[in-house]
Novice: 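Handing you this structure, nothing more for now.
Order of listing sets the numbers, starting from 1, for every ligand and every atom in it.
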Amino acid sequence: MNKVNWGILGAARIVEKVLPIIANSINGELIAIGSRRTEAAKSIINKANPELINKVQSFNGFDSVINHPKINAIYIPLANEDHTTTALKAIRSKKHVLIEKPMAIKTSDVELLLSEAKKFDVTIMEGFMYAFHPQFERLLDMIKSNILGETHYAHSMFSFPIQPARHYRINRPIRLGGGALWDIGPYAIHTLRQCFKENPKRVYAQSKLNEHGADLSTTGMIDFGQNKRATFDISFECTRRSEVEVFGPSGRAKIPTVWQPEDQKGKVVYSTEKSGFHEEIVPMASHFELEFKHFNECILKNTPPKLTSQDALWNVKTLEALQESISLNNWVDI
Ligand SMILES: NC(=O)c1ccc[n+]([C@@H]2O[C@H](COP(=O)([O-])OP(=O)(O)OC[C@H]3O[C@@H](n4cnc5c(N)ncnc54)[C@H](OP(=O)(O)O)[C@@H]3O)[C@@H](O)[C@H]2O)c1
C-alpha cells in the first residue's frame, strides 16, 4: 500500500476545505463521503472539487463508508457530541481514524476510544491542524532552545462574532457540547498546553452564558504548578483574534494568527532581553495538507502520530475540568 484510502463522515462546513486536500494528497486518496442528509454528500463534492464528482462515491448515511472494503481511514468532522459513537463504529470496522477536535466531550469517552483503537490495532489522532504549521513548530523550537528561558506564563485568545447561520452551535448547554468552550476552546487550551513541560494541575474559568446555557464568552486560568500559569479568553462576541503569546525570563514570543494563518503564511514575533525585537515570516504552508500527509505516513509506516493519545486525553480532561469550574465558580483540580 503506498496511499491511504479515505472516507469522510458528514458534509460539514470544514469538509469544503479539507475534501480537496485529502483527495489530492501525495500519499492519500478519497474514496467516499457519506452524509445523513440526502444528496448533501454529492453537493459538497460538487462545491469543493467538482472534478471529483465521478471519482468519489457519495452515500446517504455513514455505514456504507464505515464498512467500505477499499477504505483504510476515516475522517470524522461531525458535531462534537457525535464523535464517540461514529469513531467507535469506524475503529471496530478496523479503520484508522482522524477525529476533529475535541476527540470527545467526556474523558471517559476518550479513554474508551483509545483502548478500542489499541485493541483493533488502528491509529487514532485528534485533529489539531495548527500544530503542523511551521509557524507553530518555530514557536516550539524557540521554547525548546531556551532563548526565552523556561515558560512561566502564556496567554491565548480566540474569538469572532458568531454569525446567525451558526447559532446551532450555541443552542444547547456546555455539558452537551454547546458554546465556545467546546468549539474554539480546544484550540486555545491545547495550544497553551504545548508551551509547558508539565500537565495542568488545576483550572478556573468564568463564562457569559446564553439562555440555553451555552457559553458565548469564557475567560480562564490554567495552573501548571510551580507558579507556571496560563490564561485564555475565547468569545463568540468579540472581534476576530487568533493568537498565542509565551513569556519566559529572557524573552517573549507571539504568533498573531496561530489557528488561522493569513494566506497560509505564518509569522512569529519575538523579543529577548539581549537582542530586542524580531519579526520572522514563515513560508507558505497549508496546515491541513501537512496534517493529512503526516497521518498518512503514520499509517503507511506504522509509526505513532505526532499528536499522541495522552495529549488527546489531557486535552479533554482539561476542558472537562474547565466546564466543571464554570458551573461551580471555583478552582477544579485535575
Ligand atoms: N480544524 C478546523 O479548522 C475546524 C474548523 C471548524 C470546525 N472544526 C471541527 O470540525 C467538526 C465539524 O465542525 P463544522 O462547524 O464544520 O460542522 P458543521 O458544519 O456544523 O456540521 C456538523 C455536521 O452537521 C451536519 N450538518 C451540516 N450542515 C447542516 C445543515 N445545514 N443542516 C443539518 N445538518 C447539517 C453534517 O452531517 P450530515 O452531513 O451527516 O448531516 C455535519 O457533519 C467539529 O468537531 C468542529 O469542532 C474544525
Side-chain angles (χ1 to χ4, degrees), residues 7-22 32-48 56 58-66 74-87 89-90 97-106 109-110 113 125-133 136 158-160 162-172 174 176-191 214 234 236 240 242 257-262 264 285-292 294-295 307 312 315-316 319:
I8 300 177
L9 301 186
R13 197 177 41 110
I14 183 76
V15 171
E16 283 176 38
K17 212 181 273 178
V18 174
L19 185 148
I21 287 170
I22 299 179
I33 170 166
S35 162
R36 292 160 294 192
R37 284 163 301 141
T38 313
E39 298 306 317
K42 204 165 261 169
S43 68
I44 208 158
I45 301 174
N46 243 333
K47 200 166 174 191
V56 174
S58 47
F59 293 104
N60 290 329
F62 298 153
D63 288 350
S64 306
V65 179
I66 290 175
I74 306 263
Y75 175 53
I76 303 182
L78 295 167
N80 298 336
E81 55 274 25
D82 293 335
H83 289 181
T84 304
T85 44
T86 47
K89 280 190 188 168
V97 283
L98 176 53
I99 310 175
E100 266 304 334
K101 44 49 71 176
M103 186 175 276
I105 54 171
K106 284 190 184 142
D109 283 353
V110 177
L113 289 171
M125 191 175 87
E126 190 176 28
F128 279 110
M129 73 309 172
Y130 82 92
F132 294 85
H133 197 288
F136 189 66
F158 197 0
S159 61
F160 50 85
I162 194 163
Q163 301 302 312
R166 301 281 156 214
H167 278 183
Y168 61 84
R169 291 157 89 163
I170 49 172
N171 68 1
R172 58 206 185 286
I174 305 182
L176 299 181
L181 183 72
W182 288 107
D183 194 323
I184 51 181
Y187 292 117
I189 287 137
H190 186 265
T191 309
I234 53 176
F236 285 144
R240 197 163 283 277
S242 169
T257 55
V258 60
W259 309 293
Q260 299 170 321
E262 277 167 19
Q264 313 283 19
S286 153
H287 48 200
F288 281 117
E289 214 173 289
L290 294 166
E291 179 188 22
F292 277 91
H294 168 77
F295 194 71
L307 298 175
N315 191 41
V316 177
L319 285 157

Novice: If you measure every N/O of Leu9 against every N/O of ligand 1, is any gap under 3.5 Å?
Specialist: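 There is no such contact.
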Novice: Just need the protein heavy atom nearest to atom 38 (P) of ligand 1, so name the residue and atom and give the distance.
Specialist: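 Residue, atom and distance for the closest contact: Ser35 OG, 3.4 Å.
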Novice: Considering only heavy atoms of Ala12, which atoms of ligand 1 have at least one such atom less than 4.0 Å away?
Specialist: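 Near Ala12, the atoms of ligand 1 are 16 (O), 17 (O), 18 (P), 19 (O), 21 (O), 22 (C), 42 (C), 43 (O).
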Novice: Let me confirm one number: the CD1-CD distance from Ile76 to Glu126, rounded to the nearest 0.5 Å.
Specialist: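 One finds 12.0 Å between CD1 of Ile76 and CD of Glu126.
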Novice: For ligand 1, which atoms, with element, lie under 4.0 Å from some heavy atom of Pro77?
Specialist: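 Checking each atom against Pro77, I get 11 (C), 12 (C), 43 (O).
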Novice: Can you name the atoms of ligand 1, numbered from 1 with element, that are less than 4.0 Å from a heavy atom of His83?
Specialist: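 So the atoms of ligand 1 that pass are 45 (O).
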Novice: Could you report the tightest heavy-atom contact between Ile33 and Gly10, atom names first, then the distance?
Specialist: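 Ile33 and Gly10 have their closest heavy atoms at CD1-O, 3.7 Å.
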Novice: If hydrogens are left out, which of Lys17, Glu100, Arg36 has an atom nearest to atom 9 (C) of ligand 1, that is, the closest non-hydrogen atom?
Specialist: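 The residue whose heavy atom sits nearest atom 9 (C) of ligand 1 is Glu100.
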Novice: Show me which atoms of ligand 1 lie under 4.0 Å from any heavy atom of Ala79.
Specialist: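 Near Ala79, the atoms of ligand 1 are 22 (C).
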Novice: With heavy atoms under 4.0 Å as the rule, classify the contact between Ala11 and ligand 1 as side chain, backbone, both or neither.
Specialist: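 Within the 4.0 Å criterion, Ala11 contacts ligand 1 through backbone and side-chain atoms alike.
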Novice: Would you mind checking which non-hydrogen protein atom is closest to atom 43 (O) of ligand 1, with the distance to 0.1 Å?
Specialist: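 I find the closest protein heavy atom is Leu78 CD2, 3.3 Å.
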Novice: How long is the straight-line distance from CZ of Phe128 back to NZ of Lys101, given to the nearest 0.5 Å?
Specialist: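 Those atoms lie 7.0 Å apart.
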Novice: Show the nearest heavy-atom pair for residues Pro261 and His133, with the distance to one decimal.
Specialist: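 Taking every non-hydrogen atom into account, CG-CD2, 3.7 Å.
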Novice: Record the part of Tyr168 in heavy-atom contact with ligand 1 below 4.0 Å; permitted values are side chain, backbone, both and neither.
Specialist: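 For Tyr168, only side-chain atoms sit under 4.0 Å from ligand 1.
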Novice: Minimum distance, heavy atoms only, to atom 3 (O) of ligand 1: which one of Trp182, Trp259, Tyr187 is it?
Specialist: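 Among Trp182, Trp259, Tyr187, the closest heavy atom to atom 3 (O) of ligand 1 comes from Tyr187.
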Novice: As a check for students: among Arg37, Glu16, Met129, identify the option with a heavy atom nearest to atom 28 (N) of ligand 1.
Specialist: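 Closest candidate by heavy-atom distance is Arg37.
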Novice: Among all the protein's non-hydrogen atoms, which is closest to atom 45 (O) of ligand 1, and how far away is it?
Specialist: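 Going atom by atom, the protein heavy atom closest to atom 45 (O) of ligand 1 ends up being Asn80 OD1, 2.8 Å.
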Novice: Mind listing the closest non-hydrogen atom pair of Ala90 and Val97 along with its distance?
Specialist: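 The pair with the smallest heavy-atom distance is CB-CG1, 3.6 Å.
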Novice: Using a 3.5 Å cut-off on N or O atoms only, is Ile14 in polar contact with ligand 1?
Specialist: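 For ligand 1, there is an N or O atom that lies under 3.5 Å from one belonging to Ile14.
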Novice: My understanding is that we take every heavy atom of each candidate and find the minimum distance to atom 47 (O) of ligand 1. Doing that for Arg13, Lys101, Glu81, which one comes out nearest?
Specialist: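 It is Lys101 whose heavy atom sits nearest to atom 47 (O) of ligand 1.
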Novice: Could you tell me which non-hydrogen atom of Ile99 sits nearest to which non-hydrogen atom of Ala87, and how far apart they are?
Specialist: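 Looking at all heavy atoms of both residues, the closest pair is CD1-CB, 3.6 Å.
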Novice: Is Arg36 salt-bridged to Asp82, going by a charged N under 4.0 Å from an acidic O?
Specialist: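 The answer is yes: the pair qualifies as a salt bridge.
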Novice: Counting only N and O atoms by type, is there a donor-acceptor contact under 3.5 Å from the side chain of His190 to the main-chain atoms of Asn315?
Specialist: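 No; judged by distance alone, with no hydrogens or angles, the pair does not exist.
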Novice: Do the side-chain N and O atoms of Tyr130 and Gln260 include a donor-acceptor pair separated by under 3.5 angstrom?
Specialist: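 On atom types as modelled, these side chains do not qualify, holding no pair under 3.5 Å.
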Novice: Under 4.0 Å from any heavy atom of Phe62, which atoms of ligand 1 are there?
Specialist: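 Contacts of ligand 1 toward Phe62, numbered from 1: 40 (O).
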Novice: Please report the closest heavy-atom contact between His287 and Phe132, naming both atoms and the distance.
Specialist: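 The answer is O-CB, 3.9 Å.
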